[in-house]
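See structure below.
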Amino acid sequence: MPSYNPADVERRWQQFWETHKTFRTPDPGDPAAAGKPKYYVLDMFPYPSGAGLHVGHPEGYTATDILARFKRMRGFHVLHPMGWDAYGLPAEQYAVEKNVHPRITTQQNIATFRRQIKALGFSYDWDREVDTTDPGYFRWTQWIFLLIHDTWYDPEQKKGRPIAELPIPPEVRARGEAAVARYQDGYRLAYQAEVPVNWCPALGTVLANEEVVDGKSERGGHPVERRPLRQWLMRITAYADRLLDDLEPLDWSESIKQMQRNWIGKSEGAEVDFELASVRDYREANPSELVDGFAPIRVFTTRPDTLFGATYMVLSPEHQLVDRITTPEQRAAVTAYQQAAARKSEFERTELAKTKTGVFTGAYAVNPVNDERIPIWIADYVLSGYGTGAIMAVPGHDERDFAFAKQFGLPIRTVVRPTDEWLTKTGSTLDALTEAYSDVGVAVNSGLLDGLPTAEAKQKIIGWLQEKGVGHRRVNYKLRDWLFSRQRYWGEPFPVLHPADGGPTVRLDPGVLPLVPPDLEDFKPTGTPEGPLSKATDWVNVSIGGKDYHRETNTMPQWAGSCWYFLRYIDPKNTEALADPAKLRYWLPVDLYIGGAEHAVLHLLYARFWHKVLFDRGYVPCPEPFQRLVNQGMILGEYEYHVTVEAEAANRAELAGLGVVATRRESEDPKKPDTYVLKVTAAEGDKPANLPDELVEKVKGKMVLKGLGIELATKAEKMSKSRGNVVNPDDIITEYGADSLRLYEMFMGPLEAVKPWDTKSIKGVYGFLSRAWRLVVDDDAEKLKLNAAVKDIEPDKDTLRVLHRTVQKVTEDTDGLRFNTAIAAMMEFVNHVTKLEARPRAVLEPFVLLLAPYAPHVGEELWRALGHTTTLAYEPWPAWDPALTKADEIEVPVQVNGKVRARLRVPAEIGDKELEAAALADEAVKAQTAGKTVKMVKVVPRKLVNVVVG
RNA sequence: GCGAAGGUGGCGGAACUGGUAGACGCGCUGGCCUUAGAAGCCAGUGGCCGCAAGGCCGUGGGGGUUCGAGUCCCCCCCUUCGCACCA
């Protein structure tokens with residue numbers, strides 16, 4: 001063979017690995033695993049879209065593959081699987097568009113993804129492949145649903161327990177079986193409720209809060225409206241505290257942990273009841289009468305210490321008390337405001353948040369701490385979905401309340417003393433604040449709290465409220481229960497039956513699972529909240545034991561299958577259980593999980609929640625599934641030159657004269673202006689290319705278009721079809737091979753960094769692989785033959801040192817996921833050995849082993865050229881000798897007053913005294929210090945000398 | 001507005017606990033090879049001044065600590081990401 005030909009090498013080795021099942025992972029008891037520590041490296045499995053693989057996919061997959069191969073060579077028993085997250089909206093949308101059954105499109109998409117992924121040479125154990133739409137898989141998704149449905153959360157023990165263990169109050173038991181069933185239904189972790197949901201008419205389904213961004217669907221950007229519907233929900237809120245606390249010890253990036261914490265949004269404070277003034281008046285006038293039916297207004301606050309500063313109250317426009325308390329004079333204004341608020345989407349409400357709006361209801365409430373009567377307003381700055389949907393407004397110490405109070409002339413009272421510094425800075429006095437002081441401080445104007453610092457004041461007032469029966473301590477979460485049903489066809493059916501007579505929902509026996517969806521011809525959404533499954537009347541209506549039932553016509557959301565797939569890889573063919581407990585004990589938790597940051601909250605939070613339920617019920621051995629999580633950074637498109645709209649307009653003719661084509665590019669951020677992208681077209685029919693260097697110059701640190709002086713901005717943007725900057729991995733593999741693609745993606749920069757793609761840079765890694773190839777292989781021979789320069793000789797000292805340094809660097813950097821610097825070290829090795837006339841086999845062999853996890857096809861082929869007949873996948877990883885990494889002679893810089901003036905070549909083991917003497921004896925140093933007094937000489941042993949003169 | 005991560009040559013990026021800034025790669029320049037090109041190989045490549053030796057400047061900006069700062073401290077600017085009326 002010949003010169004490096006990736007297409008040939010890669011095809012043959014992929015074939016070899018497949019036929020020899022090189023990467024089959026034996027189960028724990030197997031002799032092949034004996035004595036080895038386990039290592040579970042997991043990729044976030046892809047959603048096989050119609051568009052095929054994107055260059056972003058191989059980034060994470062290459063990283064995990066390098067680590068999997070590295071760990072195998074270091075003696076670990078490695079689990080490294082792949083599968084498909086194939087249920088869900090996008091597949092169904094695609095199927096509806098193409099008018100092909102989603103099962104067919106899904107299988108086609110999976111086939112494409114599998115082919116593309118296999119072409120990259122990853123060392124997956126393909127015998128463990130899972131597909132969430134496979135009945136053998138979703139049988140267990142449904143089984144887990146039943147388990148969650150069978151579980152209630154015991155706040156005492158802080159864990160999920162079987163519903164059979166839920167204590168039933170005697171009065172409920174007395175009312176009979178149906179009553180007990182209804183009571184239990186109220187506690188299940190999977191439950192049905194009529195709740196206001198995010199209904200998306202365009203998609204014909206409801207969406208989880210997590211799937212709605214800025215009031216639009218995350219997918220497609222369609223408008224979303226609120227409407228009440230019967231839905232399945234998961235009581236994830238019961239686990240909020242554990243999801244929060246267990247985050248702490250995980251080896252995840254701080255930013256992802258923070259995003260999860262924010263999403264859970266725990267805040268501690270108090271709930272306080274404010275009685276209506278009218279109720280109080282009536283009660284006081286009729287002391288003997290039992291006044292009922294007028295509940296107080298309950299608010300949640302994190303600052304109960306500021307209760308004395310509450311000068312008004314605000315209810316959300318949707319609050320149920322609004323209609324009952326509004327006075328006749330205010331009725332018209334209130335109704336009008338409510339209607340206006342209802343018309344606004346959530347998005348508009350927040351978008352137009354600059355000025356506060358609101359209306360007085362005419363009613364008053366009594367502040368329980370000082371019996372003061374304060375007006376009750378409604379305003380849309382108070383959200384119905386958080387806390388109690390009502391607040392006590394403390395304008396002195398809350399920015400929003402302050403703005404509102406200013407807007408409507410409501411009183412502002414200082415009840416926490418700001419620092420003097422703050423008063424001066426803001427130009428406030430204690431009696432006249434110019435803005436809200438929301439920090440902690442010492443309570444003033446607050447009766448029994450006066451003089452207490454915030455923390456103590458909170459404790460004291462909560463105690464007081466509890467004593468009086470008008471308030472209590474309360475923890476609140478932003479996290480909502482997880483809306484778990486979708487009105488779609490392409491998802492797991494719920495394994496339940498609804499009795500036609502309206503009785504409590506019945507669970508299917510786990511033994512009859514999987515419940516397979518009906519084979520619908522027409523799977524399009526109905527456009528109504530009845531899902532497409534309702535069209536399959538034969539499937540929906542069943543009669544068991546003479547009783548009529550109908551099946552649930554909602555399906556589970558896309559996230560269901562991905563909540564537990566990493567468990568199924570461990571035992572993918574098990575028909576008795578989701579996985580063998582012994583195998584789960586062996587492999588869990590996942591040691592390293594790599595994937596995109598877009599799953600920071602959704603998938604990772606849901607999967608953690610399911611895992612905890614499974615843990616509580618004894619099905620998995622650990623409370624957290626993913627010990628270490630790394631998010632790869634996004635790969636952006638190639639950088640392009642942009643100019644402002646004004647510059648384009650002013651220079652249109654000149655640009656055309658230079659052969660430059662300007663295309664308007666809409667800004668993603670509505671707050672930022674559009675730009676024009678500049679390209680050139682060399683010949684007719686050519687794809688426009690980036691501006692060549694001849695057209696660009698640097699003037700005063702700014703990039704400008706040569707001649708015209710227009711300022712250019714270089715920008716790299718997300719890859720997207722609309723921008724036409726998507727890179728297809730297939731094209732790169734055809735031109736340079738999978739090894740080069742792998743290497744390039746790792747060489748671009750740190751794994752976690754966002755980085756722009758640059759196709760021409762692949763030449764660098766391709767050249768490196770070609771050089772490595774020629775190092776070992778005879779380039780001119782017809783067949784694979786060892787290069788004649790490879791000899792069984794002792795390496796010289798220098799070469800040995802380069803080898804040992806390379807082994808050390810590559811080992812440490814691979815272990816730390818610093819693949820870019822590991823590759824740089826291998827490049828330096830090749831640059832060094834290329835210069836040698838005779839190349840010692842003793843340094844080439846370890847090098848090939850180092851290279852193999854990164855470029856496995858080239859690695860195997862070179863290993864074969866060196867005379868080996870088996871795969872190198874399980875060869876021991878090379879070791880390095882620290883003594884051999886050290887040089888005999890080192891270069892030490894000498895500074896005079898902190899500036900490098902000379903470099904000395906000295907023996908590596910030189911003492912400080914000798915080093916100092918050598919430095920002072922140096923001619924260049926003498927020249928710099930001549931005529932000056934040496935004040936001090938700082939010697940950093942074997943590193944540096946600094947001579948200070950004055 | 002809040003939170004997080006960043007800002008180093010023309011570009012992607014290196015730089016261990018403060019100790020030779022710019023490893024490695026792209027691009028660019030010159031040379032070799034070639035009928036020519038491609039590929040490959042060799043050399044050079046932060047900026048400014050200088051024939052050279054050498055000098056001065058230089059890690060977003062400004063100040064500070066230190067013999068010595070990309071790295072530590074204070075202030076400011078910018079970029080990206082996440083959250084965003086959460087009481």
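Below, chains carry the letters A, B, ... as their sequence lines are ordered, and counting in each starts from 1.
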(request) Tell me what A:R771 touches on the nucleic acid: a base, only sugar-phosphate, or nothing, going by heavy atoms under 4.0 Å. (result) sugar-phosphate
(message) Starting the side chain at C-beta, find the nucleotide from B:G82, B:C26, B:A23 nearest to A:M259.
(response) B:G82
(request) Both distances under 3.5 Å, Watson-Crick or G-U wobble: report the partner of B:G68, or none. (result) none
(request) Check every strand shown and say whether A:E891 touches a base, only sugar-phosphate, or nothing at a heavy-atom separation below 4.0 Å. (result) base
(request) Counting Watson-Crick and G-U wobble pairs only, both distances under 3.5 Å, name the nucleotide matched with B:G1, or none. (result) B:C83
(message) Return the pairing partner of B:G12 with a 3.5 Å limit on both distances, Watson-Crick or G-U wobble; otherwise return none.
(response) B:C24
(request) Starting from P on B:C26, measure out to OH on A:Y736 and report it in whole angstrom. (result) 11 Å
(message) Please name the nucleotide paired to B:C41 by Watson-Crick or G-U wobble geometry with both distances under 3.5 Å, or report none.
(response) B:G31
(message) In this structure, how many angstroms lie between the P atom of B:A39 and the NZ atom of A:K760, rounded?
(response) 14 Å
(request) Compare the minimum distances between each of B:G19, B:C26, B:G13 and the side chain of A:K755, then state the nucleotide with the smallest one. (result) B:G13
(message) With rounding to the closest Å, how many angstrom separate the C1' atoms on B:G63 and B:G55?
(response) 28 Å
(request) For B:A14, take OP1 and OP2 only and decide whether either is under 4.0 Å from a side-chain N or O of A:N820. (result) yes
(message) Can you give me the closest heavy-atom contact between A:R839 and A:L775, atom names plus distance?
(response) NH1-O, 3.0 Å
(message) Using a 4.0 Å heavy-atom cut-off, does A:K478 contact any base of the nucleic acid, only the sugar-phosphate backbone, or nothing at all?
(response) base
(request) Identify which nucleotide among B:G19, B:C85, B:A87 has an atom closest to any side-chain atom of A:T301, counting heavy atoms from C-beta outward. (result) B:A87
(request) Ignoring backbone atoms, establish whether A:R901 has a side-chain N or O less than 4.0 Å from OP1 or OP2 of B:G55. (result) yes
(message) Between B:A23 and B:G13, how many Å separate the two C1' atoms, rounded to a whole number?
(response) 10 Å
(request) Output the single nucleotide from B:C26, B:C24, B:C16 whose closest atom is nearest the side chain of A:F747. (result) B:C24
(request) Quickly, which of A:T62, A:T814, A:D739 forms a side chain to side chain donor-acceptor pair (under 3.5 Å) with A:Y854? Name it, please. (result) A:T814
(request) Consider the side chain of A:K943, meaning its heavy atoms from C-beta on, and name the nucleotide among B:G19, B:C85, B:A87 that approaches it most closely. (result) B:G19
(message) Tell me whether the side-chain N or O atoms of A:K935 pair up with the base of B:C67 as donor and acceptor below 3.5 Å, since no angle test is needed here.
(response) no
(request) Select from A:N831 and A:V900 the residue whose nearest nucleotide in RNA chain B is closer to the 5' end of that strand. (result) A:V900
(message) Tell me if the centroids of the rings in A:Y639 and A:W757 come within less than 6.0 Å of each other.
(response) no
(message) If I take atom CD in residue A:Q260 and atom C1' in nucleotide B:A4, what distance separates them, rounded to the nearest angstrom?
(response) 15 Å
(request) Go through B:G55, B:G19, B:G13 for me and flag the one nearest to the A:L944 side chain. (result) B:G19
(request) Report the base-pairing partner of B:G58 (Watson-Crick or G-U wobble, both distances below 3.5 angstrom), or none. (result) none
(request) Indicate whether the side chain of A:R261 and that of A:Q258 have a donor and an acceptor atom separated by less than 3.5 Å. (result) yes
(message) Is it the case that the side chains of A:T821 and A:D813 hold a donor-acceptor pair, with the cut-off being a distance below 3.5 Å and no angle test?
(response) yes
(request) Mind checking A:V948 for me? I need base, sugar-phosphate or nothing, with any heavy atom below 4.0 Å counting as a touch. (result) sugar-phosphate
(message) Counting only Watson-Crick pairs (N1-N3 plus N6-O4 or O6-N4) and G-U wobbles (N1-O2, O6-N3), all under 3.5 Å, who is the partner of B:A52?
(response) none
(message) Distance check, P atoms only: B:A53 and B:G44, in whole angstrom units.
(response) 14 Å
(request) For the side chain of A:N946, starting at C-beta, report the closest nucleotide among B:G19, B:A87, B:G3. (result) B:G19
(message) Please pick, from B:C26, B:C24, B:G19, the nucleotide with the shortest atom-to-atom distance to any side-chain atom of A:Q895.
(response) B:G19
(message) Can you check the distance between B:A21 and B:C16, where both ends of the measurement are the P atom (answer in whole Å)?
(response) 14 Å
(message) With a 3.5 Å limit on both atom pairs, tell me what B:A36 is paired to, counting Watson-Crick and G-U wobble, or say none.
(response) none
(request) Would you kindly give the CZ-to-P distance between A:F768 and B:A23, to the nearest whole Å? (result) 18 Å
(message) Just the rounded figure in Å: distance from P of B:C16 to NZ of A:K809.
(response) 9 Å
(request) For nucleotides B:A69 and B:G64, find the distance between their P atoms and express it as a whole number of Å. (result) 12 Å
(request) Measure the distance from CE on A:M748 to P on B:G12 and round it to the nearest whole Å. (result) 11 Å
(request) Determine the contact category for A:N262: base if any of its heavy atoms lies under 4.0 Å from a base atom, sugar-phosphate if only primed atoms, P, OP1 or OP2 are that close, otherwise nothing. (result) nothing
(message) Taking 4.0 Å as the cut-off, does a side-chain nitrogen or oxygen of A:Q928 come that near to OP1 or OP2 on B:G55?
(response) yes
(request) For B:G47 versus B:U59, give the span between their C1' atoms, rounded off to a whole number of Å. (result) 13 Å
(message) Just the rounded figure in Å: distance from P of B:A84 to OH of A:Y381.
(response) 19 Å
(request) Report which part of the nucleic acid A:K763 touches: base, sugar-phosphate, or nothing (heavy-atom distance under 4.0 Å, all strands). (result) sugar-phosphate
(request) Please work out whether the ring planes of A:H397 and A:Y437 are parallel, tilted or perpendicular, with thresholds of 30° and 60°. (result) perpendicular
(request) Using the C1' atom on both, measure B:U45 against B:G62 and round to a whole Å. (result) 32 Å
(message) Can you tell me how the ring of A:F404 sits relative to the ring of A:Y381, calling it parallel under 30°, perpendicular over 60° and tilted otherwise?
(response) tilted
(request) Determine the contact category for A:S267: base if any of its heavy atoms lies under 4.0 Å from a base atom, sugar-phosphate if only primed atoms, P, OP1 or OP2 are that close, otherwise nothing. (result) sugar-phosphate
(message) Please give the distance between the C1' atoms of B:A39 and B:C32 as a whole number of Å.
(response) 14 Å
(request) Take atom CE of A:M634 and atom P of B:G6, then tell me their distance rounded to the nearest Å. (result) 17 Å
(message) Quick check on B:C57: is either OP1 or OP2 less than 4.0 Å from any side-chain nitrogen or oxygen of A:K899?
(response) yes
(request) Report yes or no: is the cationic atom of A:K266 (NZ for Lys, CZ for Arg) under 6.0 Å from the centre of the six-membered ring of A:Y477, at an angle within 45° of the ring normal? (result) no
(message) Looking at A:K458 and A:D305, is any side-chain nitrogen of the basic one under 4.0 Å from a carboxylate oxygen of the acidic one?
(response) no
(message) Assuming nearest nucleotide by heavy-atom distance, tell me which of A:R774 and A:T302 is located more 5' along RNA chain B.
(response) A:R774
(request) Quick one: classify the glycosidic conformation of B:G9 as syn or anti, with syn meaning within 90° of 0. (result) syn
